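Reckoned from all heavy atoms, side chains included, excluding hydrogens, waters and symmetry mates. Here the structure is a predicted model, which means the values were calculated and not measured.
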Amino acid sequence: MGSTGAVCALLAALCGACQALQGGMLFPTESPSREVKDVSGLWSFRADLSPERNRGFEQHWYRSPLAQTGPVIDMPVPSSYNDITQDAKIRDFIGWVWYEKDVWVPARWIQDRGARIVLRVGSAHYYSVLWVNGVKVTEHEGGHLPFEADISGVLRQTSGNPCRITIAVNNTLTLETLPPGTIQYMNDRSRYPAGYFVQNTDFDFFNYAGIHRPVLLYTTPKAHIDDISVETTFSDNIGKHQPKSVFIHLLFVNSFPYGQVPGFIYIYIHSIIGNAFSSRTHTDPMSVKHCIVTSLTPRFVWQIRGKGFDWPLVVKDFNLMKWMGVNSFRTSHYPYAEEILQMADRHGIIINVCVCVFLRRSFGNVSLAHHLTVMEELVRRDKNHPSVVMWSVANEPASEMPPAGFYFKELVSHTKSLDSSRPVTYITDSNYARDQGAQYVDVICVNSYLSWYHDPGHTELISLQLNTQFDDWYDKYQKPIIQSEYGADAVAGLHSDPPMMFTEEYQTTVLQNYHNVFDQKRKEFVIGELIWNFADFMTAQTITRVVGNKKGIFTRQRQPKAGALLLRERYWRIANETGVLPTWARYPCQ
């Protein structure tokens, strides 16, 4: 691999230019006044394999068709590019990749001077620069949230020709990205060639990259609804939407008065409320201590397509969750596609929404500023989903470090200022007595892997250690507690009696020992349990992982291990004991 010094400098410049969204980010929905055109599909693709990874910018690849700059290959969008080819260099590539597609924009869109034409990318990992017909229209930092640009002016200057969309995406992670990472240069010339480097990360999942969610063209009137906020009132534990609680920020981009767009506001509000909130009830998020969360952590990551959004697989995973009796899940460890949250709204599954943060030492001002921006984008995007009951601002940060106290005080406070109706938390694996940020959260979420990473093989210690863990946290903070991760790796089909590590029997033994303690503590202050993980998933290649993480209760192909059957029996039993059946119990999964 080549040096990335110039690339890091370019990324730093881009980061400085990227800012939080100034307006709303409503999900594009067709209505009498709006049209949507999906331009996903097959795109041209080229990785910048130059030593400095910046030849594309030096040679202005965006100014001409990408195929004229050198060899290109087909790349499906949405998908991660890593597993599409047979080339290990592409699978493990770090740096800039380039996408391009020619699309025809309907002539009526171009001719209608009263319409805005917007280009929207659901997400691209991690840095993105977007051009239309060679003109730069926007850039974005962050790998899991949407970005868009009004391209009306560019298109009307070049009408009569296809719209050439070019997107450059860079997956390099630094100490200021979310999640963070570092580039390590190998300087021993007896072992590594000149300029050789590797991307180091602290997270336990593969750094999939590319355009991961649909790319859309859509229209709005020039005078359009830019944002909407829905508030609810509560009667006992039932949330009801009140029409008077809808707040509209109306953005006028020209001078004609509201009266010249009759019925527009009513039609669009009706569309949003009708699609997302009619006949919907949900639990009061601020009364979460009264719930028993039976949950898992689906990654929505699959073979071949990586993090690429795929409706058949999303529906399959939801059907598996319904089969198990799950009533919630946690986004781990990044914001999921909006379509997934819409599915959760439809099926009555509650969500703890998490940003992608493994902060090991990244507590500086640059990191904090970017983190605040990401939370603004996340809350703005997901605030109206009734399935979202809690914001999670980090996963397993180094919260014992002294700078973490100020960092999380600011971060939690800022998130609450964006949305005062939901509790805020982060996921910790720190020592309860030394955690600097737990005092600022509303719910304590703890990860622990007893008899796996700690005292491996000794399941007889789980009861004592888990009881101590819960009591220590509750005695210090007097806050409700969720066990946000627990589990053990199991290779499907590997068996041993007595149980041994990596067998299905060992995984179920670990789970059962945790469950025995959960059943005691949920009578007191433990309000939820989230198994890690829903399905096996890919990680970086290390000596501790055999083709990925095997803590799933399903395989990557979504076939159940013994742990899935154990959890299914447990979740349905808890639902029947508590009288709180999942909303789909009346219409069982087929």
(Q) Once salt bridge (charged side-chain N to carboxylate O under 4.0 Å, His left out) is applied, do any residues pair with E176, and if so which ones, sequence neighbours excluded? (A)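 Per chain and number, E176 pairs via salt bridge (charged side-chain N to carboxylate O under 4.0 Å, His left out) with no residue.
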Ignoring hydrogens and angles, write down the donor-acceptor pairs under 3.5 Å from the side chains of residues 68-77, residues two or more places apart or on other chains.
| from | atom 1 | to | atom 2 | distance (Å) |
| --- | --- | --- | --- | --- |
| T69 | OG1 | R46 | NH1 | 2.8 |
| T69 | OG1 | L66 | O | 2.6 |

Review point. Ring centres of W96 and Y127 under 6.0 Å apart?
Key: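 Ring-ring flag for W96/Y127: false, centres at least 6.0 Å apart.
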Do Y99 and F45 make the cut of ring centroids closer than 6.0 angstrom?
->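 So the answer is yes for these two rings.
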Would the distance check show the side chain of S40 and the main-chain N or O of P78 forming a donor-acceptor pair, the cut-off being under 3.5 Å?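 Checking the backbone N and O of P78 against the side chain of S40, no donor-acceptor pair under 3.5 Å is found.
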Using a distance-only test with no angle check, is there a side-chain donor-acceptor pair under 3.5 angstrom linking [X] and [Y]?
X: T220; Y: R116; result: yes
X: R558; Y: N319; result: no
X: K101; Y: S44; result: no
X: E100; Y: W43; result: no
X: S79; Y: H212; result: no
X: D48; Y: W98; result: no
X: Y208; Y: D83; result: yes
X: H414; Y: E376; result: yes

Inset, instruction - Apply the test ring pair (Phe, Tyr, Trp, His ring centres under 6.0 Å) to residues F537 and F205: give CA-CA distance (whole Å), side-chain angles for both, the deciding distance (0.1 Å), then the verdict. - result: CA-CA 7 Å; F537 58 92; F205 52 87; 7.4 Å; no
- Answer whether the closest heavy-atom distance between the side chains of D382 and H385 falls below 4.5 Å.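 Answer yes - side chains close enough.
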Worksheet entry | Side chain to side chain, R63 and W131, heavy atoms closer than 4.5 Å |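 No, their side chains stay 4.5 Å or more apart.
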| How would you list, by chain and number, every residue that makes a ring-ring contact (aromatic ring centres under 6.0 Å, His included) with H125, sequence neighbours excluded? |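 Applying ring-ring contact (aromatic ring centres under 6.0 Å, His included) to H125 gives H144.
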